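Small disclaimer: the values here were computed from a predicted structure and weren't measured. Indexing begins at 1, ligand by ligand and atom by atom, following the structure's order.
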Amino acid sequence: MTLPPSVLQQRIPLGDLLDLKAFADVCHSFAELYRVGLKVFDEASNKLVDVKVGNADFCGYIWSKPSGREQCMATVARVRSDPIGDEPGPTAFPCFSGCRYVVQPVLYEGDVIGRVVFGPYVPDDLVALPASLTSISADFDARLADGYAEKIRRVPEGTAEKILKHFMDLLDVMVFTGHKNLITARLHIEAVQESYRELQEKNRALEDSFAKLKELDRLKSNFLATMSHELRTPLTSVIGYSEMMLEGLGGPLTAEQREYLGIIMEKGENLLQLITSILDISKIEAGRIRLVLSEVDPGQLMRDAIATVLPLARKKGLKVACEPGHLPRLHCDREKVRQCLVNLCTNAVKFTPAGGSVTVSAEPATGDRLAIRVADNGIGIADELLARVFDVFFQIDGSSTREYGGAGLGLAIVKSFAEAHGGEVQVSSKVGAGSIFSLVLPLRPTLPAPALTPSAPFPALGG
Ligand code: ADP
């Protein structure tokens with residue numbers, strides 16, 4: 001993109017440099033003082049100021065004769081735009097009427113930016129009206145014209161030039177001041193425009209990056225959703241057939257074969273859980289969470305979640321308690337809230353060392369809500385990491401040699417499901433002392449219409 005030249009390189013018209021009204025006042029005072037007319041033109045011969053003093057009757061009389069009018073216009077055109085060079089001195093322009101003008105260029109930093117025309121005045125050496133005037137018409141009244149000419153100031157040549165010089169000095173100061181003010185103002189505008197332009201460019205670049213990132217994110221979510229779905233189908237068969245073999249449907253098994261099949265099933269279940277989480281996250285990111293609302297007993301959901309993690313908790317020697325108390329019915333998506341509680345309980349069990357305890361309790365919360373708490377006395381979370389544990393794929397120990405399994409998706413899913421219900425998930429924790437995660441849900445969610453699908457669950461991806 002080519003930028004316009006800076007204000008420092010531009011030629012500025014005389015009219016832009018002056019406060020024209022104030023300048024016209026100065027010209028009037030000046031012309032009144034010396035009793036001689038004054039005209040100022042810019043570089044393109046546009047008239048900026050025209051003050052007439054004393055010559056109205058004289059010129060008016062000449063103007064009344066056709067030939068006089070014609071010659072008058074020619075003279076005006078000459079003083080207005082005939083070349084005068086760019087020498088700073090004055091040039092005299094005689095008029096056919098015997099009067100005279102002196103013209104001087106207005107210079108600024110070596111450039112001609114206009115001209116000043118001083119006059120008409122009667123030159124000191126004029127003794128009688130010239131024949132070029134008296135011959136403009138047969139009925140020309142020389143006595144009358146003489147009388148009119150008396151009203152025009154008679155000026156010696158040297159004086160005219162001095163007066164003009166005086167005026168030029170004044171004009172110089174005004175042009176200089178005007179230029180300074182204009183440049184300051186324009187530079188300020190240029191600086192603001194430049195900053196604005198840079199900002200616009202950066203904005204455009206940011207918008208581009210944002211669009212690319214969004215597209216990448218969409219591709220990633222699609223990929224995850226498709227892959228997860230494709231992985232789930234064969235995995236379900238692996239688990240199903242292992243189960244059938246364990247039940248003896250494929251014939252009798254040795255103890256060793258049973259043990260191996262048990263491992264295949266357990267690892268298969270873990271893998272299925274991970275794939276389900278990835279599928280959930282990709283649906284969440286694609287904005288495809290649909291809630292299937294029904295009225296549920298929260299106590300039952302809590303007991304279900306505990307039952308899911310009980311085998312692992314027992315294996316680790318953890319004490320597990322469920323304290324549902326007397327709870328109101330909850331209007332929610334049963335499967336998603338169950339999933340939230342399972343995720344929270346799985347973490348509590350996972351991050352609590354042998355001998356510790358995990359407690360699931362619930363109580364009414366402000367704003368017609370229910371808070372279900374999963375508390376443990378495990379390893380805890382440092383304050384500065386508390387907010388980040390809800391990020392997708394975030395794990396406090398993300399190293400490849402980490403002690404605990406998982407993919408960093410569980411809490412992100414809990415948060416999204418809670419928010420889809422109009423609820424939230426809170427956490428408080430202390431390193432070495434344990435953590436409390438609270439799933440706070442409205443008893444009756446009021447959701448925007450598209451998030452609610454009372455009768456049908458969201459369609460399975462890919463078929
Ligand atoms: P995952 O458990 O699969 O790694 P999550 O999203 O469920 O992923 O949790 C993210 C991280 O938050 C975990 O890796 C762990 O570092 C931390 N975290 C979650 N729950 C607990 C807890 N009860 N105690 C200590 N740390 C926890």
- Message: Give the atom numbers and elements of ligand 1 that come within less than 4.0 Å of a heavy atom of Gly408.
- Response: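 Here the atoms of ligand 1 in question are 1 (P), 3 (O), 4 (O), 6 (O), 8 (O).
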- Query: Counting from 1, what ligand 1 atoms have a heavy atom of Lys350 closer than 4.0 Å?
  - Reply: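 Counting from 1, the qualifying ligand atoms are 1 (P), 2 (O), 3 (O).
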- Message: Is there a side-chain contact between Gln273 and Thr276 in this structure, where contact means two heavy atoms from C-beta onward sitting under 4.5 Å apart?
- Response: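 No, too far: nothing below the 4.5 Å cut-off.
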- Hey, what's the ring geometry for Phe23 with Phe167, parallel, tilted or perpendicular (30° and 60° as the breaks)?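 Tilted.
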- Message: For His166 and Phe30, take the angle between the two ring planes, folded into 0 to 90°, and tell me which bin it lands in: parallel under 30, tilted 30 to 60, perpendicular over 60.
- Response: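 The arrangement is perpendicular - the two ring planes meet at more than 60°.
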For [Y], is there an ion pair with [X] - N to carboxylate O distance below 4.0 angstrom?
| X | Y | answer |
| --- | --- | --- |
| Lys52 | Asp50 | yes |
| Glu190 | Arg186 | no |
| Glu194 | Arg197 | yes |

- Would you please say whether a donor-acceptor pair under 3.5 Å links the side chains of Gln300 and Asp304?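 Judged by distance alone, the side chains do pair up.
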Please work out whether any backbone atom (N, CA, C, O) or any side-chain heavy atom from C-beta onward of [X] is under 4.0 Å from ligand 1, and answer side chain, backbone, both or neither.
| X | result |
| --- | --- |
| Phe394 | backbone |
| Leu411 | both |
| Asp376 | side chain |

[X] near ligand 1 by a heavy-atom separation under 4.0 Å:
| X | result |
| --- | --- |
| Leu409 | yes |
| Gly378 | no |
| Phe437 | yes |

[X] versus ligand 1: do any nitrogen or oxygen atoms come within less than 3.5 Å of each other?
| X | result |
| --- | --- |
| Ala412 | no |
| Gly410 | yes |
| Gly380 | no |

- Message: Whether the side chain of Ser438 engages the backbone of Ile372 through a donor-acceptor N/O pair (distance < 3.5 Å, no angle test) should be reported.
- Response: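 Not confirmed, Ser438 side chain does not pair with Ile372 backbone.
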